[in-house]
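When reading the values below, keep in mind they use all heavy atoms of this one structure, side chains included, and skip hydrogens, waters and symmetry mates.
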Amino acid sequence: MKEKSSRRNSLTDHFSVLPYYLNSTRKPFRDEPPPVLEHFNLTEVPGQISSSVLQDEHRRLYVGNIPPNITKNMLLQFFNHQMRILNLGPILECQLFTAKRFAFLEFSSVDDTTQAMALNGINLMGKYLKIRRPDKYQRPVVIQSYTSTYVDAKSPNTIYIGALPSFISDDQVKELLLPFGKLRAFKHVKDLQTGKSKGFAFCEYEDVGVTDQVVDALNWLQLCDRKLIVQRASLGAKKAQKAAHPSLSSTEVLCLVNVVTLDELRQEKSVDILKGIREECEKFGVVRSVEMPRPIEGEDVPGCGNVFVLFDSALDCQKAKEELCKRNFNGRAVITSYFDPEKYNRREF
């Protein structure tokens with residue numbers, strides 16, 4: 001256990017290159033549950049699901065209509081093959097209930113879980129699998145002011161998000177957007193008959209100053225088998241906006257999104273995470289300071305959940321941005337963008 005603990009604190013454990021999952025020779029099956037599943041009770045009576053098994057529903061999916069006589073290893077092998085095709089991490093655990101022909105799969109990260117929902121309806125041995133969130137799944141609670149569904153497409157601050165998967169929900173799109181700030185308006189365009197996404201959405205932030213940062217961070221972000229197209233909704237407005245507010249490019253401050261969760265920030269290990277991020281960033285140049293806003297009970301802390309790194313030069317920051325966006329941090333895809341140095345100095349996150 002000491003060896004595993006030291007590995008968690010190492011840089012390679014915090015930052016792992018995405019192809020690791022594709023080239024890994026580690027077997028997808030285990031005789032023992034992995035460390036993160038130690039709280040599971042694997043000796044339960046078949047057909048019964050205890051509340052302990054469903055503690056972390058955000059990384060779990062229900063799989064129904066499973067073919068009869070299928071084994072746990074067969075199911076793991078099938079889904080791990082599909083995960084490799086989608087360039088996602090391996091399945092951590094499978095709870096199979098053969099008599100009722102359903103199972104619960106646990107994934108490496110919340111992002112992998114969301115993207116794996118695209119496999120709903122896939123054929124396995126002549127059966128079309130039903131894949132969805134567990135019944136007890138609760139979507140993350142987002143505390144923010146009322147968000148309007150009216151978006152002015154002519155506004156220079158309106159952002160277009162395109163190439164979205166058809167299965168994606170409103171909340172899943174917002175999970176990409178909310179780390180940058182509160183939304184003033186949001187509109188996800190859907191098919192009126194099927195209720196599925198038409199592949200694009202619009203949004204506008206309360207703080208219009210983050211618009212360039214969002215475009216810079218999310219444009220061409222890999223989501224399932226496609227890359228997002230994120231830009232200002234109006235090209236004419238984009239030119240006018242750039243003239244008034246130059247795009248944030250090659251600044252000395254790097255913003256890292258999706259590297260730490262609120263639960264991790266409340267734990268003592270957040271100190272080790274911060275140290276690991278700093279050491280990794282120092283590979284690209286001199287790091288002057290690192291800020292990681294932490295949650296305060298009863299208060300809305302700006303920038304909470306993001307990490308801000310001040311480099312000695314814009315060139316060092318650029319190197320880090322280009323490399324870290326290819327990495328995973330604790331199983332989560334890292335989103336990188338430049339941040340305004342003046343706001344950083346004023347701690348306006």
Side-chain angles (χ1 to χ4, degrees), residues 10-20 87 111 157 159-163 176-177 179-181 205 207-223 227-232 235 238-239 241-260 273-293 302-349:
S10 68
L11 302 182
T12 55
D13 188 50
H14 286 311
F15 284 88
S16 57
V17 182
L18 287 176
Y20 164 81
N87 290 338
D111 290 337
N157 302 311
I159 300 174
Y160 165 85
I161 306 104
L176 294 172
L177 302 173
F180 299 94
Y205 285 86
D207 179 10
V208 298
V210 304
T211 304
D212 284 322
Q213 182 185 357
V214 174
V215 172
D216 182 51
L218 298 183
N219 191 35
W220 291 107
L221 177 69
Q222 186 77 35
L223 186 62
K227 291 185 178 180
L228 297 182
I229 300 174
V230 182
Q231 61 186 30
R232 292 182 184 272
L235 293 178
K238 183 178 181 180
K239 294 179 181 178
Q241 182 74 3
K242 280 192 173 183
H245 302 281
S247 175
L248 287 177
S249 59
S250 299
T251 70
E252 305 92 64
V253 183
L254 182 65
C255 176
L256 301 175
V257 181
N258 208 30
V259 296
V260 62
I273 293 176
L274 182 62
K275 180 181 178 181
I277 292 174
R278 182 178 187 121
E279 291 177 351
E280 182 67 18
C281 289
E282 286 176 343
K283 294 180 179 179
F284 307 100
V286 177
V287 174
R288 294 166 60 183
S289 62
V290 180
E291 292 290 337
M292 189 168 67
C304 188
N306 299 342
V307 179
F308 303 86
V309 184
L310 175 61
F311 286 87
D312 192 52
S313 69
L315 181 60
D316 293 341
C317 185
Q318 181 180 0
K319 293 177 183 177
K321 179 181 181 298
E322 293 174 353
E323 288 299 321
L324 295 181
C325 68
K326 305 173 186 177
R327 309 287 184 87
N328 265 15
F329 188 88
N330 284 352
R332 297 181 293 272
V334 178
I335 301 174
T336 61
S337 64
Y338 296 111
F339 192 75
D340 189 340
E342 293 185 3
K343 288 186 177 181
Y344 180 87
N345 292 331
R346 295 194 299 266
R347 299 302 186 264
E348 295 178 0
F349 301 125

Which distance, rounded to the nearest 0.5 Å, do you find between the NZ of Lys343 and the CG of Asp207?
4.5 Å
Report the C-alpha separation of Leu310 and Glu252 in whole Å, then their side-chain angles, then the decisive distance to 0.1 Å, and conclude whether the side-chain contact (heavy atoms from CB on, under 4.5 Å) test is met.
CA-CA 6 Å; Leu310 175 61; Glu252 305 92 64; 4.0 Å; yes
Provide the closest heavy-atom pair for Val287 versus Glu282 in the form atom of the first, atom of the second, distance.
CG2-CG, 3.7 Å
All salt bridge (Lys or Arg N to Asp or Glu O under 4.0 Å) counterparts of Arg288, not counting sequence neighbours:
none
Separation between CG of Asp216 and OG1 of Thr211, rounded to the nearest 0.5 Å:
12.5 Å
Give the C-alpha distance, both sets of side-chain angles, the deciding distance and a yes or no for side-chain contact (heavy atoms from CB on, under 4.5 Å) between Ile161 and Leu177.
CA-CA 10 Å; Ile161 306 104; Leu177 302 173; 4.3 Å; yes
Report the distance from atom CD of Glu280 to atom CG of Leu324, rounding to the nearest 0.5 Å.
6.0 Å
Just jot down the side chain to side chain contact (heavy atoms under 4.5 Å, CB included) partners of Asn219, sequence neighbours excluded, or say none.
Ile229, Val230
How would you list, by chain and number, every residue that makes a side chain to side chain donor-acceptor pair (under 3.5 Å) with Asn306, sequence neighbours excluded?
none
Would you confirm whether Thr251, through its side chain, and Phe339, through its main-chain N or O, come within 3.5 Å as a donor-acceptor pair?
yes
Holding to ring pair (Phe, Tyr, Trp, His ring centres under 6.0 Å), I want the full list of residues that pass it with Phe349, two or more places apart in sequence or in another chain.
Phe308, Tyr344
Residue pair Leu256, Thr336: steps toward the side-chain contact (heavy atoms from CB on, under 4.5 Å) verdict
CA-CA 5 Å; Leu256 301 175; Thr336 61; 3.6 Å; yes
If you look at every heavy atom in Phe180 and Val210, which pair is closest and at what distance?
O-CG1, 3.8 Å
Atom CZ of Arg346 and atom CG of Asp340: how far apart are they, to the nearest 0.5 Å?
7.0 Å
When rounded to the nearest 0.5 angstrom, what distance separates CZ in Arg232 from CD1 in Ile159?
7.0 Å
Would you check if Ile335 and Ser337 make a side-chain contact, meaning some heavy-atom pair closer than 4.5 Å?
no
Is the shortest heavy-atom distance from the side chain of Gln318 to the side chain of Tyr338 under 4.5 Å?
yes
Return the set of residues passing salt bridge (Lys or Arg N to Asp or Glu O under 4.0 Å) with Glu322 (not counting sequence neighbours), or none when no residue passes.
none
Verdict with reasoning, Phe311 to Val286, per side-chain contact (heavy atoms from CB on, under 4.5 Å)
CA-CA 6 Å; Phe311 286 87; Val286 177; over 6 Å; no
With sequence neighbours left out, write down each residue that passes salt bridge (Lys or Arg N to Asp or Glu O under 4.0 Å) with Asp312, or none if nothing qualifies.
none
Would you give the length of the straight line joining atom NZ of Lys321 to atom SG of Cys281, rounded to the nearest 0.5 angstrom?
13.5 Å
Identify, with sequence neighbours excluded, every residue that meets salt bridge (Lys or Arg N to Asp or Glu O under 4.0 Å) alongside Glu323.
Lys326
